[in-house]
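Counting starts at 1 for both ligands and their atoms, following the listed order.
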Amino acid sequence: MIRTPLFLYALCGSQRKASTNRRLLEALRDHAPEGVTVEICELIGDLPIFNPDCEGENTPEIVEELAAKVRAADGVIFACPEYAHGLPGGLKNALDWLVSRDEAPFKPVMIAHASHRGDFALEQLTEVLKTMSFALVPSANIRISLLGKDAEGQQVSLRESMDHGVLDTALKEFCSRIDGGPV
Ligand SMILES: Cc1cc2nc3c(=O)[nH]c(=O)nc-3n(C[C@H](O)[C@H](O)[C@H](O)COP(=O)(O)O)c2cc1C
């Protein structure tokens with residue numbers, strides 16, 4: 001049973017126009033269940049580098065904008081590539097801005113991953129999110145490899161996943177846990 005309406009905010013760790021992680025988030029957005037809105041964050045690439053001197057009353061407007069979206073979200077979806085066996089710096093920077101604030105704790109999170117590789121990044125992302133007290137919902141995580149596929153190949157993979165109900169099942173699972181549903 002899903003309570004609607006629900007607002008999910010999606011953070012993509014890749015800034016590439018042709019990002020496969022973004023394609024996956026777009027597929028989740030475009031095929032979300034009735035009453036569930038997925039908005040992809042467009043702020044990550046414009047955030048200044050985190051500096052604790054710029055917190056509190058010195059917080060940049062764009063950081064307040066990001067924090068307000070996370071606060072308003074019923075849940076957050078992350079998708080990111082792996083860079084040099086690590087988490088992309090831009091995404092980590094966005095998360096660093098949220099560490100000392102109160103938006104992250106207990107906010108439900110699902111992770112969507114668009115590669116059959118990148119386990120280091122996934123492990124690091126999971127550790128950072130846990131440390132920030134996000135409420136991870138591992139049963140909703142999905143992994144659909146779009147890596148190395150051209151636009152048509154990516155569409156085929158996404159279509160197959162949708163036909164098998166992978167995206168729908170993951171989103172419904174995530175949404176059903178948002179109000180502390182049964183584990
Ligand atoms: C600078 C750089 C470093 C990378 N390092 C790794 C790596 O350590 N491990 C890995 O599996 N892939 C690595 N990759 C490949 C990306 O993680 C992979 O292409 C990813 O799917 C890209 O995501 P995107 O399509 O959303 O941009 C690297 C790519 C770049 C550009």
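- For ligand 1, the atoms sitting less than 4.0 Å from at least one non-hydrogen atom of Ser14 are 24 (P), 26 (O), 27 (O), numbered in the order shown with element in parentheses.
- Side chain of Arg143 to main chain of Arg117: a donor-acceptor pair is present (N/O by atom type, distance under 3.5 Å, no hydrogens or angles).
- The shortest contact between atom 8 (O) of ligand 1 and any protein heavy atom is with His85 N, 2.8 Å.
- The nearest pair of heavy atoms linking Cys80 to Gly13 is CB-CA, 3.8 Å.
- Nearest heavy-atom pair across Asp53 and Asn58 is O-ND2, 3.3 Å.
- Contacts between Leu147 and ligand 1, counted as non-hydrogen atom pairs separated by less than 4.0 Å, involve the side chain only.
- Ranking the protein heavy atoms by distance from atom 31 (C) of ligand 1 puts Tyr83 CE2, 3.9 Å first.
- In this comparison of Arg117, Glu82, His116, the heavy atom closest to atom 6 (C) of ligand 1 sits on Glu82.
- With salt bridges taken as basic N to acidic carboxylate O contacts below 4.0 Å, one links Arg22 and Glu42.
- Ring pair His85/Phe120 is parallel by interplanar angle, where below 30° counts as parallel and above 60° as perpendicular.
- Ionic pairing of Lys69 and Glu64 is not present here: no N-O contact between side-chain nitrogen and carboxylate oxygen is shorter than 4.0 angstrom.
- Ligand 1 lies within reach of Gly118, whose nearest heavy atom is under 4.0 Å from it.
- A donor-acceptor contact shorter than 3.5 Å links the side chain of Ser176 to the backbone of Glu173.
- The atoms of ligand 1 that sit less than 4.0 Å from any heavy atom of Asn21 are 23 (O), 24 (P), 26 (O).
- Looking at Cys12, Ala84, Cys80, it is Ala84 that brings a heavy atom closest to atom 3 (C) of ligand 1.
- For atom 20 (C) of ligand 1, the nearest protein heavy atom (residue, atom name, distance) is Pro81 CB, 3.6 Å.
- In terms of N/O distances under 3.5 Å, ligand 1 is approached by Ser19.
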